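The next block holds one structure in the form of structure tokens; read it before the comments.
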Amino acid sequence: MIIDYSSEQTRSDEEVSREYEEENGSLPENTTVSSYQTEILPGSSVTPGTKVMVKSVIAVIPGKNGATAKLEESLTIYDSEDTSLALKSMTKPAAQGSGRGGEFNSEFTFTLPEGMPQGVYPIRSSLLLNGELVGDASHELQLVLRGDYSVGGDMVAVMELAD
């Protein structure tokens, strides 16, 4: 299983700073993550071979001290039976080229391959600012087999789990 990642800046540090100051009076002393929202697409139930996206919107407010910030996002996919066992994990810079702040859209994409067993696979995304955990989100992705499959010439009905 391969995980791809992309990130783009959608608002500048000046835009998020101005909005934050209007709402809160002044900027924080240190760079702060003000928002971390994630969603899983196409939904919480997929069949093998379906492209899955974990999309995030991250808002980073630059601090008064002007220090640059290292923002990283990670994704971990866990086993459906032993949920303490990580099947795949990836960490990438979430704010390439910024260093101070702004708003960013990021996206992890992967495909659960044919042959993986049905089940509910926990997925966790985490956001790190200068190495410190500042946000995380958990999702459950249900892998279901749909349709009838022929095994050794006999038709086998494959049970579809409820969403």
Side-chain angles (χ1 to χ4, degrees), residues 1-80 82-113 116 119-144 163:
M1 178 180 355
I2 297 172
I3 301 175
D4 288 321
Y5 183 78
S6 64
S7 177
E8 70 173 326
Q9 186 166 2
T10 56
R11 295 173 56 202
S12 70
D13 59 346
E14 292 86 8
E15 290 172 296
V16 296
S17 295
R18 192 171 34 254
E19 183 178 295
Y20 186 89
E21 284 181 304
E22 288 172 6
E23 293 174 6
N24 299 285
S26 67
L27 291 175
E29 187 61 34
N30 298 307
T31 301
T32 305
V33 173
S34 65
S35 175
Y36 180 52
Q37 301 170 335
T38 67
E39 68 177 324
I40 192 166
L41 299 170
S44 61
S45 180
V46 298
T47 57
T50 302
K51 184 177 180 179
V52 178
M53 293 175 275
V54 178
K55 292 186 165 204
S56 303
V57 177
I58 306 162
V60 181
I61 310 304
K64 290 180 196 175
N65 64 10
T68 60
K70 180 180 178 186
L71 190 67
E72 296 175 299
E73 188 175 25
S74 67
L75 182 80
T76 305
I77 303 166
Y78 294 93
D79 185 69
S80 65
D82 179 359
T83 57
S84 67
L85 177 63
L87 297 177
K88 193 76 172 177
S89 187
M90 172 187 244
T91 301
K92 287 291 190 179
Q96 293 177 331
S98 169
R100 288 193 25 94
E103 186 173 273
F104 305 88
N105 288 347
S106 66
E107 184 179 285
F108 287 99
T109 57
F110 61 92
T111 302
L112 296 178
M116 283 189 77
V120 176
Y121 292 83
I123 297 175
R124 180 173 182 218
S125 60
S126 302
L127 189 66
L128 302 164
L129 178 63
N130 297 327
E132 299 285 326
L133 181 66
V134 293
D136 67 344
S138 295
H139 300 277
E140 290 186 337
L141 182 63
Q142 185 173 23
L143 182 65
V144 295
D163 290 358

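Just so you know, these numbers come straight off a predicted model, no measurement behind them.
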Does [X] use its side chain to pair, donor to acceptor, with the backbone of [Y] at less than 3.5 Å?
X: Glu22; Y: Glu19; result: no
X: Asn24; Y: Ser26; result: no
X: Thr50; Y: Val46; result: no

- Task: Please test Leu143 against Ser80 for side-chain contact (heavy atoms from CB on, under 4.5 Å), starting from the C-alpha separation and ending with a verdict.
- Result: CA-CA 9 Å; Leu143 182 65; Ser80 65; over 6 Å; no
When you compare the side chain of [Y] with that of [X], does any pair of heavy atoms fall below 4.5 Å?
X: Phe110; Y: Leu75; result: yes
X: Ser34; Y: Ile61; result: yes
X: Pro122; Y: Leu141; result: no
X: Tyr5; Y: Glu107; result: no
X: Phe108; Y: Met90; result: yes

- Determine, stepwise, if the pair Val57 / Tyr36 fulfils side-chain contact (heavy atoms from CB on, under 4.5 Å). CA-CA 6 Å; Val57 177; Tyr36 180 52; over 6 Å; no
Measuring from [X]:[atom1] to [Y]:[atom2], what's the distance to the nearest 0.5 Å?
X: Gln9; Y: Asn105; atom1: CD; atom2: CG; result: 10.5 Å
X: Met1; Y: Ile77; atom1: CE; atom2: CD1; result: 4.5 Å
X: Asn30; Y: Leu27; atom1: CG; atom2: CG; result: 11.5 Å
X: Ile3; Y: Ser89; atom1: CD1; atom2: OG; result: 7.0 Å
X: Leu129; Y: Leu71; atom1: CG; atom2: CG; result: 6.0 Å
X: Tyr78; Y: Thr83; atom1: OH; atom2: OG1; result: 9.0 Å

In terms of side-chain heavy atoms, does [X] have a donor or acceptor partner in [Y] at a distance below 3.5 Å?
X: Ser56; Y: Glu73; result: yes
X: Tyr20; Y: Thr32; result: no
X: Gln142; Y: Ser44; result: no

- Item | Member of Leu133, Val60, Val134 meeting the side chain to side chain contact (heavy atoms under 4.5 Å, CB included) criterion with Leu127 |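 Only match with Leu127 under side chain to side chain contact (heavy atoms under 4.5 Å, CB included): Val134.
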- Query: Could you walk me through whether Thr111 and Val52 pass the side-chain contact (heavy atoms from CB on, under 4.5 Å) check?
  - Reply: CA-CA 6 Å; Thr111 302; Val52 178; over 6 Å; no
So with a 6.0 Å cut-off around [atom1] of [X], is the heavy-atom count from everything else above 12?
X: Leu85; atom1: CG; answer: yes
X: Lys64; atom1: NZ; answer: yes
X: Glu29; atom1: CD; answer: yes

- Item | Test applied, side-chain hydrogen bond (donor to acceptor under 3.5 Å, both in side chains); reference residue, Arg124; option that passes from Thr38, Asp136, Thr76 |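 Going through Thr38, Asp136, Thr76 one by one, the side-chain hydrogen bond (donor to acceptor under 3.5 Å, both in side chains) with Arg124 is satisfied by Asp136 alone.
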- Answer yes or no: is there an ion pair linking Lys55 with Glu39, defined by an N-O contact shorter than 4.0 Å?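 No, this pair does not count.
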- Item | Ser7 versus Ala94, closest heavy-atom pair with distance |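 Heavy-atom minimum between the residues: OG-O, 2.7 Å.
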- Closest approach of Pro62 and Gly101, non-hydrogen atoms and distance?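 Taking every non-hydrogen atom into account, CD-CA, 4.2 Å.
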- Message: Could you walk me through whether Ser35 and Gln37 satisfy the side-chain contact (heavy atoms from CB on, under 4.5 Å) test, starting with their C-alpha distance in whole Å, then the side-chain angles of each, then the deciding distance to 0.1 Å, before giving a yes or no?
- Response: CA-CA 6 Å; Ser35 175; Gln37 301 170 335; 3.8 Å; yes
